[in-house]
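Chain letters run A, B, ... following the sequence lines, proteins first and then strands; every chain starts at 1.
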Amino acid sequence: MQGPARTRFAPSPTGWLHIGGARAALFSFLLARKTGGQFLLRIEDTDRKRYVPGSEEDLMEGLRWLGIHWDEGPDVGGPYGPYRQSQRAHLYRKYAEELVKKGHAYYCFCTPERLRRMRERQRKLGLPPRYDGHCRRLDPEEARKRVEAGEPHVVRFKAPREGTITGHDFIRGPITVANKDIDDYILLKSDGLPTYHLAVVVDDHLMRITHVLRGAEWLSTFPLHVHLYRAFGWEEPVWVHLSTFLKPSGKGKISKRDMEEIRKMGYAGVFIRDLREAGYLPEAINNWIALMGWSYDDRTEFFTMQDLIEKFSLERLKPSPAAVNFDKLDHFNGLHLRALSPEDLARRLVPFFHKAGYTHVTAEDLLPIVPLIQTRIHTLADAPRLAGFFFEEDIQHTPEAFEEFLVRHKKVKLDLATAYRALQKVYQRLQEVDPWNAENLEAALRALSEELGLKPRKLFSAVRVAVTGRGVSPPLFETLALLGKARTLRWLRQGLEVLAGMLASQTDASEAAPA
RNA sequence: GCCCCCAUCGUCUAAGUGGUUAGGACACGGGCCUUUCAAGCCCGCGGUCGGGGUUCGAGUCCCCGUGGGGGCACCA
C-alpha cells in the first residue's frame, strides 16, 4: 500500500505513561511494523524544570510491557542519535540561527518581566495575549552584536503578518489559519535549549520521520510547525493528529484531578503502571485503546497485536474525541484472559499471588487451578481472592457464611439443622471416595442428594460453605479434588463444628424465649 | 476575549465516492444453561444535536445555530 514508514513516539519525561501516550505510541508502532519501516523512541527533555525522575524509565518499561518495541532509541541507539534532546542541544542553535539568517526568525531581548506586564495589559484590554513585536523591529545587525556581546536573548519565529497558512492533517484534511493569529513563538530559549516547536521539527526532519502521529492538542500549533518546515525548505511529514481522550462522563479531558474520581468509581486509572498492577493484560489494554479513535469494520473487536499490525490503517482513524470506557477494558481483559493458554495464564498469575502473600506459589502450583478460575476472573488481581485458599492449610469458618449462603439465600433456603444432618452424611460418604477425583466426588454427592431428597443446589451449597467457608467458589467437585481428601475432611469437620455451635445457641435462644 | 477542531444509542463505533427496516460492542433489563459465581447463548432497551438549504433521494454535501473539546508560556 505504501513505502516503509518511519514513525516515532516522543514523550517528555514529565510523568508516567498513560493511555493517551500509549495509544499514540501503539499507532505509530503499528504503522511502522505494517509498512516494514522503523519505530523510534525519542525523549523530549528540553524542560529541565518539569523533569520527573523515574518517568523516563516508566515510559520505557510501560512500552516494553505493552509490546511496543522501538528500533531506535536512547537505550539502543541508532543511526540518527542521540535520541534524547538534552544531548542534542548543540544542534538546535545552529538551526535557529539559520532561520535568523534567512529572515524567518529574530533575536529577542525582552525580559520575562516585560512579557508578563505586556500580557497583563492585553488581558485588561480584552486582546489576545500575543508578543507585541518589540524586538522584531530591531536592526538585525545590531541584534547580532548584542548577542555576540553575551546579552541574554531568545530566538523568536517571525510569523508573517499577512495571508493564511494551510496545513494538511491526514484525518481532518486542510486546516487553514490566518497568519496574524500565529504568535512569534519562541524557538530557542535563553538557556540555549529549544522549545518543543523547534526541537520537534528539527529532530523529525533529521531522523527522517515520515509520519507524525501525536495528540490533537498539537493541532493549534500545527500551522506554526508547517511554517517552520517551509522556512527550512524541508519536506513535511504526513501529519496525523489523534483524537483526544475524554473522561468517562465525556466532559473534558482527563486531568490529574479526575484521577481520584475515577478511582472512586472503582477503576484503576489511566496510567499504564496502575493498570498493570491492577491485573490488566497488555493485550487487553492495546485492544482497548486501539479501538478508541480507530476501527476495523462494523463488527470485529477482538485484536491481538499481530491482528493490529496486519489490519491497522490511517484511513480508518477518526477525528472526534472519545470518552474512555473502563467497563469495556474489563470486557477486553476477560476476552484476552480466556484466550490465554493455561500455562501462560499460570505464569502471569504468579506475581499476583506473591503480592497477596502466597509467596512460595509457583506457576506449576497454579496450573491445575487455572481451568477453575479462567472464566471467573476479570483481572489477574482477582485470582488470589478467588483461589488463594488452595494454598492455605486452614481457613476461617464464620457463622455469617452459613447464614448468608444457606439460610437466607433465596435459591437455597436451607435451615441449619437440615444442613447439619446432611453434612454429617456427606462426611461419611466422602471418606469412602477413592480415588479422590472430581468425577467420583460428583457421583458420590449426587447419589447422596438423591437419597436425602435434597436438591443438588441445596446440598452442594451446604458442602461449599462447610468446606471452603464461603458461598462463592470455583466449581465444587474440582475444588474438593484439588484440596485433597485430608484437607477437605478437616475443613468439613471444622465447618460442622461451627454449625454445631450455631445450632446450640439457636436452641438456647428458643428455650430462653418462652421462659 | 481570540483562534482551531469535533458532533450517529449513556459510552466506543459501522454504514468506501449521497440510495433497503441506521449494523456491531460495552453497560443495562429479561431469558436459557447451571452445584455457587462466572463464562457462553438468545431476546430486549436505546441513536443520526437543532434549523435551513442542494438533491428524485441526506447520517453522509453546504450554511447558520447549539453543544463539546483543545489551544492562546523562555511547558510539552
Between [N] atom [atom2] and [X] atom [atom1], what is the distance in whole Å?
{"X": "A:Leu242", "N": "B:G70", "atom1": "CG", "atom2": "P", "answer": "16 Å"}
{"X": "A:Ile186", "N": "B:C74", "atom1": "CD1", "atom2": "P", "answer": "4 Å"}
{"X": "A:Asp184", "N": "B:C72", "atom1": "CG", "atom2": "C1'", "answer": "14 Å"}
{"X": "A:Arg50", "N": "B:A73", "atom1": "CZ", "atom2": "P", "answer": "14 Å"}
{"X": "A:Glu217", "N": "B:C72", "atom1": "CD", "atom2": "P", "answer": "11 Å"}
{"X": "A:Trp218", "N": "B:G70", "atom1": "CH2", "atom2": "C1'", "answer": "12 Å"}
{"X": "A:His18", "N": "B:A76", "atom1": "NE2", "atom2": "C1'", "answer": "11 Å"}
{"X": "A:Asp183", "N": "B:G71", "atom1": "CG", "atom2": "C1'", "answer": "12 Å"}

Going by the rule side chain to side chain contact (heavy atoms under 4.5 Å, CB included), which residues pair with [X] if we only count those two or more places apart in sequence or in a different chain?
{"X": "A:Ala339", "value": "A:Phe302"}
{"X": "A:Glu404", "value": "A:Arg408"}
{"X": "A:Arg348", "value": "A:Leu281, A:Pro282, A:Glu283, A:Leu340, A:Asp344, A:Leu380"}

Results of ring-ring contact (aromatic ring centres under 6.0 Å, His included) for [X] - residues two or more places apart only:
{"X": "A:His104", "answer": "none"}
{"X": "A:His409", "answer": "none"}
{"X": "A:Tyr229", "answer": "A:Trp239"}

Taking only distance into account, with no hydrogens and no angle test, what donor-acceptor pairs under 3.5 Å do side-chain atoms of residues 467-482 of chain A form with protein atoms, sequence neighbours excluded?
{"from": "A:Thr468", "atom 1": "OG1", "to": "A:Arg464", "atom 2": "O", "distance (Å)": "2.6"}
{"from": "A:Thr468", "atom 1": "OG1", "to": "A:Arg470", "atom 2": "N", "distance (Å)": "3.3"}
{"from": "A:Thr468", "atom 1": "OG1", "to": "A:Arg470", "atom 2": "O", "distance (Å)": "3.4"}
{"from": "A:Arg470", "atom 1": "NH1", "to": "A:Arg385", "atom 2": "O", "distance (Å)": "3.3"}
{"from": "A:Arg470", "atom 1": "NH1", "to": "A:Leu386", "atom 2": "O", "distance (Å)": "3.4"}
{"from": "A:Arg470", "atom 1": "NH2", "to": "A:Arg385", "atom 2": "O", "distance (Å)": "3.3"}
{"from": "A:Ser473", "atom 1": "OG", "to": "A:Arg464", "atom 2": "NE", "distance (Å)": "2.9"}
{"from": "A:Thr479", "atom 1": "OG1", "to": "A:Pro474", "atom 2": "O", "distance (Å)": "3.2"}
{"from": "A:Thr479", "atom 1": "OG1", "to": "A:Pro475", "atom 2": "O", "distance (Å)": "2.6"}

Check for me whether A:Arg156 meets the cation-pi criterion with A:Tyr131, that is, NZ or CZ under 6.0 Å from the six-membered ring centre and within 45 degrees of the ring axis.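 Pair A:Arg156/A:Tyr131 counts as cation-pi.
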[N]: pairing nucleotide in any strand, Watson-Crick or G-U under 3.5 angstrom:
{"N": "B:G10", "value": "B:C26"}
{"N": "B:C56", "value": "B:G19"}
{"N": "B:G40", "value": "B:C32"}
{"N": "B:C74", "value": "none"}

By the 4.0 Å heavy-atom rule, please label [X] as base, sugar-phosphate, or nothing.
{"X": "A:Pro13", "value": "nothing"}
{"X": "A:Thr300", "value": "nothing"}
{"X": "A:Tyr185", "value": "nothing"}
{"X": "A:Lys49", "value": "sugar-phosphate"}
{"X": "A:Arg119", "value": "sugar-phosphate"}
{"X": "A:Glu44", "value": "sugar-phosphate"}

When the [atom1] atoms of [M] and [N] are compared, how many Å lie between them, rounded to an integer?
{"N": "B:U55", "M": "B:C62", "atom1": "C1'", "answer": "12 Å"}
{"N": "B:G23", "M": "B:A15", "atom1": "C1'", "answer": "7 Å"}
{"N": "B:G57", "M": "B:C61", "atom1": "C1'", "answer": "13 Å"}
{"N": "B:U48", "M": "B:C9", "atom1": "P", "answer": "7 Å"}
{"N": "B:U60", "M": "B:G51", "atom1": "P", "answer": "12 Å"}
{"N": "B:C12", "M": "B:A7", "atom1": "C1'", "answer": "15 Å"}
{"N": "B:G40", "M": "B:A25", "atom1": "P", "answer": "12 Å"}
{"N": "B:U11", "M": "B:G46", "atom1": "P", "answer": "16 Å"}

Indicate every side-chain donor-acceptor pair of residues 116-126 of chain A with a distance under 3.5 Å to a residue at least two apart or in another chain.
{"from": "A:Arg116", "atom 1": "NE", "to": "A:Glu113", "atom 2": "OE1", "distance (Å)": "3.3"}
{"from": "A:Arg116", "atom 1": "NH1", "to": "A:Glu120", "atom 2": "OE1", "distance (Å)": "3.0"}
{"from": "A:Arg116", "atom 1": "NH2", "to": "A:Glu113", "atom 2": "OE2", "distance (Å)": "2.9"}
{"from": "A:Arg117", "atom 1": "NH1", "to": "A:Glu113", "atom 2": "OE2", "distance (Å)": "3.3"}
{"from": "A:Gln122", "atom 1": "OE1", "to": "A:Arg130", "atom 2": "N", "distance (Å)": "3.1"}
{"from": "A:Gln122", "atom 1": "NE2", "to": "A:Arg130", "atom 2": "O", "distance (Å)": "2.6"}

Ionic contact status for A:Glu261 with A:Lys247, cut-off 4.0 Å: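 No, no charged N to carboxylate O under 4.0 Å.
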Using salt bridge (Lys or Arg N to Asp or Glu O under 4.0 Å), reason through A:Glu451 and A:Lys425 one step at a time and then give a plain yes or no. CA-CA 10 Å; A:Glu451 287 168 36; A:Lys425 287 273 197 315; over 6 Å; no
Whether [X] contacts [N] is assessed here as follows: a side-chain N or O lying under 4.0 Å from the phosphate OP1 or OP2. Is that the case?
{"X": "A:Arg299", "N": "B:A25", "result": "no"}
{"X": "A:Arg316", "N": "B:A15", "result": "yes"}
{"X": "A:Lys189", "N": "B:C75", "result": "yes"}

Output a table of donor-acceptor pairs, distance under 3.5 Å, between side-chain atoms of residues 218-225 of chain A and any protein atom two or more places apart or on a different chain; print 'none' if there are none.
{"from": "A:His225", "atom 1": "ND1", "to": "A:Arg214", "atom 2": "NH2", "distance (Å)": "2.9"}
{"from": "A:His225", "atom 1": "NE2", "to": "A:His197", "atom 2": "ND1", "distance (Å)": "2.9"}

Quick one, give me the B/S/- string for nucleotides 3-11 of chain B, reading 5' to 3', where B means a protein heavy atom under 4.0 Å from the base and S means that only happens at the primed atoms, P, OP1 or OP2. SSSSS---B
I need a per-nucleotide contact map over nucleotides 36-43 of chain B, read 5' to 3'. Cutoff is protein heavy atoms under 4.0 Å; write B for the base, S for backbone only, - otherwise. BBBSS---
Check RNA chain B against residues 284-297 of chain A and give the residues with a non-hydrogen atom under 4.0 Å, in numerical order.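 Within this stretch, A:Leu291, A:Met292, A:Gly293, A:Ser295, A:Asp297 sit under 4.0 Å of the strand.
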Please tell me which of the listed nucleotides, B:C75, B:G1, B:G70, lies nearest to the side chain of A:Thr195?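 Closest of the options to the side chain of A:Thr195: B:C75.
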Between B:C75, B:A25, B:U35, which one does the side chain of A:Asp47 approach most closely?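 The answer is B:C75.
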Are any side-chain N or O atoms of A:Asn286 and backbone N or O atoms of A:Thr304, one a donor and one an acceptor, separated by less than 3.5 Å?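 Checked: no pair found.
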Check: A:Tyr83/A:Asp203 side-chain N/O donor and acceptor closer than 3.5 Å: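 Not at all, the side chains of A:Tyr83 and A:Asp203 share no donor-acceptor pair under 3.5 Å.
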Relative to the 5' end of RNA chain B, which residue comes earlier, A:Cys110 or A:Thr244, by the nucleotide with the nearest heavy atom?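 Result of the comparison: A:Thr244.
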